[in-house]
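Shown next, in structure tokens, is the structure this report addresses.
Note that this is a predicted model, so its numbers are computed, not measured.
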Amino acid sequence: MIKITFPDGAIREYAEGTTALDVAKSISEGLARKVLAADINGQVWDATRPINNDAQLKLLTWNDGDGKSTFWHSSAHLMAEAVESMFPGVKFWVGPPVENGFYYDMDLGGRQITEDDLHKLELKMAELAKKNEVYERKEISKSDAVRYFTEKGDEYKLDLLQGLNDGEITFYSQGNFTDLCRGPHIPNTGFIKAIKLTNIAGAYWKGDEKNKQLTRIYGVTFPSQKELDEYLAMLEEARKRDHRKLGKELGIFTMDDDVGPGLALWMPNGTIIIEELERLAKETEQAAGYKRVVTPHIGKEILYITSGHLPFYQDSMYPPMELEGQKYYLKAMNCPHHHKIFAAQPKSYKDMPLRLAEYGTCYRYEQSGELFGLMRVRCLHMNDAHIYCTKEQFAAEFKAVNDMYLKYFKIFGIDKYIMRLSLHDPEKLGLKYINEPELWIETENLVRQVMIENKIPFVEVKGEGAFYGPKIDVQIWSAIGREFTLATNQVDFAQGRRFKLEFTNKDNHPETPLIIHRAPLGTHERFIGFLLEHYAGKFPLWLSPLQVKILPISDKFMDYAQTVLQSLKNADIRAEIDDRNEKIGKKIRDTELAKVPFMLVVGEKEMNENKVAIRKQGKGDLGTKDINEFIAEIVKEIKDRKSE
RNA sequence: GCCGUUGUAGCUCAGUGGUAGAGCACUUCCUUGGUAAGGAAGAGGUCGUGAGUUCAAUUCUCAUCAACGGCUCCA
């Protein structure tokens with residue numbers, strides 16, 4: 001007998017070789033029908049795999065992350081079985097679960113798969129799922145595994161085998177499909193009741209663009225049709241929040257073929273938001289001791305040779321223009337210009353820290369396939385600043401920048417984000433990263449220390465650093481689930497020396513400053529793209545391009561509407577009159593859909609009492625008020641930048 | 001940049017080897033209406049661009065540009 005310990009601490013005895021499924025059955029048949037896998041001593045196992053020793057056991061169902069992953073991993077195998085039946089000879093690479101479903105990478109041997117095929121594959125999968133095919137686990141020796149895939153001529157699985165040791169190799173089979181796989185899997189295919197293959201994509205083998213491109217099929221499956229329907233409805237809702245759709249509807253920005261890809265044109269409504277954001281940034285930075293500067297959009301080649309950007313990023317800069325025998329580049333970053341401002345006058349330790357801020361316009365020749373609405377563009381306006389400081393000042397300055405992030409996040413009600421400490425990859429020193437191994441370690445520790453001391457939660461990721469130093473990136477997600485860096489706070493130990501930046505320290509010796517690059521509001525493009533999705537287009541009052549719309553009941557009250565408009569304008573409130581020849585219901589509907597925060601309905605009653613009938617977007621009728629009282633209230637709301 | 005898909009009116013989308021349609025938006029007229037769509041009429045597109053096949057191309061083929069879904073990349 002063996003002892004099984006349950007999550008609640010209960011211990012029960014079972015025969016040696018019992019399975020998680022047996023355990024579940026001993027509790028209830030209903031539970032057994034839902035068990036997908038089991039957590040045995042912290043490892044996820046097949047529910048049907050014999051347990052031979054005492055163990056901690058947690059039964060995993062659809063409601064557990066690991067249960068879901070197992071379900072989707074098994075679905076990938078089911079899809080592979082269907083693909084193999086339709087495309088004999090197909091070779092598979094890997095097929096893992098992902099955040100919302102699974103994919104499988106495959107080499108179709110020159111054949112093409114179409115959207116029509118996806119539907120056929122779904123039907124085939126459903127047919128196979130109904131057979132309740134059991135996922136069978138088999139331990140196999142490395143030599144047998146190598147022989148199996150050599151006979152099959154499958155170079156991909158042979159490549160995978162290279163990295164595995166004898167004794168840790170398992171095969172899983174269901175129906176006619178056998179795959180090299182560490183598992184685990186759900187008990188049988190019958191659990192998979194609802195199937196949607198979402199798209200076909202190319203994916204480089206091992207994620208390296210020099211390698212062959214494989215075909216990747218993405219899909220998602222569920223234990224019931226209802227859950228699939230809910231998922232599809234959720235996607236539909238997300239699409240409604242897509243900043244590209246909302247940006248067009250609300251007249252925020254537009255793109256035009258004749259201007260060029262990735263070059264957003266800010267329309268009047270979008271420009272109002274930009275100006276409000278810049279006002280916020282200016283106020284905040286001034287209070288935090290920053291000084292504003294303005295620099296040109298271009299610079300000579302030598303500037304970017306000195307900064308060290310050119311060898312790393314030449315391909316993603318717009319090609320240079322030649323004038324007077326000199327090459328000029330459109331600036332892809334503001335730092336070199338700012339460094340030159342630092343260098344323009346001699347500095348002493350008394351000038352430090354020096355914080356130079358600019359909403360700088362940068363141009364980056366991003367790869368065509370990378371462009372994505374406002375989130376990834378070729379012309380961007382960065383909430384940029386560079387802080388030149390001594391080593392002693394660094395921790396306080398770095399923390400102050402982090403505090404500024406948090407202050408902004410509070411204003412915008414941003415609570416879903418992750419701070420990521422982005423580190424260098426030692427294997428890519430000299431290639432992607434400045435070849436200063438010790439300085440890397442030193443500054444990375446410096447940043448890590450600041451984060452730990454200030455108890456700021458963060459994750460660490462290797463290979464995401466800037467070429468000149470480590471950074472803290474704030475990661476956010478767009479409405480359709482793509483991950484983006486919203487803000488960034490970077491340490492630079494390289495450029496100060498490269499530009500021979502110096503200040504005279506207390507001992508009257510020249511010293512090179514540390515530099516912090518920071519952009520808490522990211523770029524206007526990405527930030528407004530994010531805000532559109534964050535607010536679903538319903539901007540808070542202070543950011544809303546149009547704050548108040550006046551809706552006269554009929555044109556008899558147009559004169560009164562004009563006096564109301566004038567009062568609002570005198571208080572710097574962005575307001576308009578809906579002077580169309582339409583009924584009030586129609587005007588309300590259109591103004592609601594345009595997401596204007598306040599509507600003021602004015603008719604005979606209001607005119608006689610010098611009042612306005614207030615209607616709030618999404619909230620409906622709020623009753624009447626004296627016009628000055630209303631103005632006083634919303635002026636305060638605007639000034640406080642209330643996010644609701 | 002790579003793989004795949006798409007491109008018809010301002011927007012959302014039908015449609016066809018014989019040079020095009022709907023709804024909304026827009027304009028005009030009627031209506032002057034009290035909290036999410038009043039009525040009528042009208043205007044608007046060389047069907048992304050270029051070439052080829054054809055008696056004839058928006059439709060078929062190729063190229064190109066752009067967008068979209070991914071991959072790679074992101075100072």
Its dot-bracket string being built from Watson-Crick and G-U pairs below 3.5 Å, with | for another strand and [ ] for crossing, RNA chain B has the pattern (((((((..((((....[..)))).(((((.......))))).....(((((..]....))))))))))))....
Sequence neighbours excluded, which residues qualify as side-chain contact (heavy atoms from CB on, under 4.5 Å) partners of A/Asn435?
-> A/Leu429, A/Pro437
When we call it a touch if two heavy atoms are under 4.0 Å apart, what does [X] touch: a base, just sugar-phosphate, or nothing?
| X | value |
| --- | --- |
| A/Arg216 | sugar-phosphate |
| A/Asp621 | base |
| A/Ile553 | base |

Quick note, ring-ring contact (aromatic ring centres under 6.0 Å, His included) partners involving residues 197-217 of chain A, not counting sequence neighbours, are A/Trp93-A/Trp205, A/Tyr156-A/Trp205
Can you list everything that forms a ring pair (Phe, Tyr, Trp, His ring centres under 6.0 Å) with [X]? Sequence neighbours excluded, please.
| X | answer |
| --- | --- |
| A/Tyr313 | A/Phe467 |
| A/Tyr290 | none |
| A/Tyr560 | none |
| A/His386 | A/His338, A/His339, A/His517 |

For [N] versus [M], give the span between their [atom1] atoms, rounded off to a whole number of Å.
| N | M | atom1 | answer |
| --- | --- | --- | --- |
| B/C47 | B/G7 | C1' | 10 Å |
| B/G33 | B/G44 | P | 35 Å |
| B/G48 | B/U58 | P | 10 Å |
| B/G45 | B/U32 | C1' | 36 Å |

What about A/Phe598 and A/Phe630, are their ring centers closer than 6.0 Å?
-> yes
Identify every side-chain donor-acceptor pair in residues 196-203 of chain A under 3.5 Å, counting partners at least two apart or on other chains, and give the distances.
residue	atom	partner	partner atom	Å
A/Thr198	OG1	A/Tyr218	O	3.2

Pairs meeting criterion salt bridge (charged side-chain N to carboxylate O under 4.0 Å, His left out) with involvement of residues 249-261 of chain A, two or more places apart |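 Salt bridge (charged side-chain N to carboxylate O under 4.0 Å, His left out) check on residues 249-261 of chain A returns A/Lys245-A/Glu249.
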Only distances under 3.5 Å count here; give the side-chain donor-acceptor pairs of residues 611-621 of chain A to other protein atoms, sequence neighbours excluded, each with its distance to 0.1 Å.
residue	atom	partner	partner atom	Å
A/Arg615	NE	A/Glu592	OE2	3.4
A/Arg615	NH2	A/Glu592	OE2	3.4
A/Lys616	NZ	A/Glu644	OE2	3.2
A/Gln617	NE2	A/Glu592	O	3.1
A/Asp621	OD1	A/Gly623	N	2.9

Give each protein N/O atom lying under 3.5 Å from an N/O atom of nucleotides 24-27 of chain B, with the pair distance.
residue	atom	partner	partner atom	Å
B/A25	OP1	A/Lys586	NZ	2.6

Determine: side-chain N/O of A/Lys471 to OP1/OP2 of B/A75, distance under 4.0 Å, yes or no.
->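 Affirmative; the distance criterion is met.
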Are any of A/Arg376's side-chain N or O atoms less than 4.0 Å away from OP1 or OP2 of B/C73?
->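 Negative; the distance criterion is not met.
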Measure the acute angle between the ring planes of A/His297 and A/Tyr363, then classify it against the limits of 30° and 60° as parallel, tilted or perpendicular.
-> tilted
Protein-proximity profile, nucleotides 2-9 of chain B, B/S/- by nucleotide at the 4.0 Å heavy-atom cutoff, equals BBS-----
Starting at the 5' end of RNA chain B and moving along, which residue's nearest nucleotide shows up first, A/Arg482 or A/Pro261?
-> A/Pro261
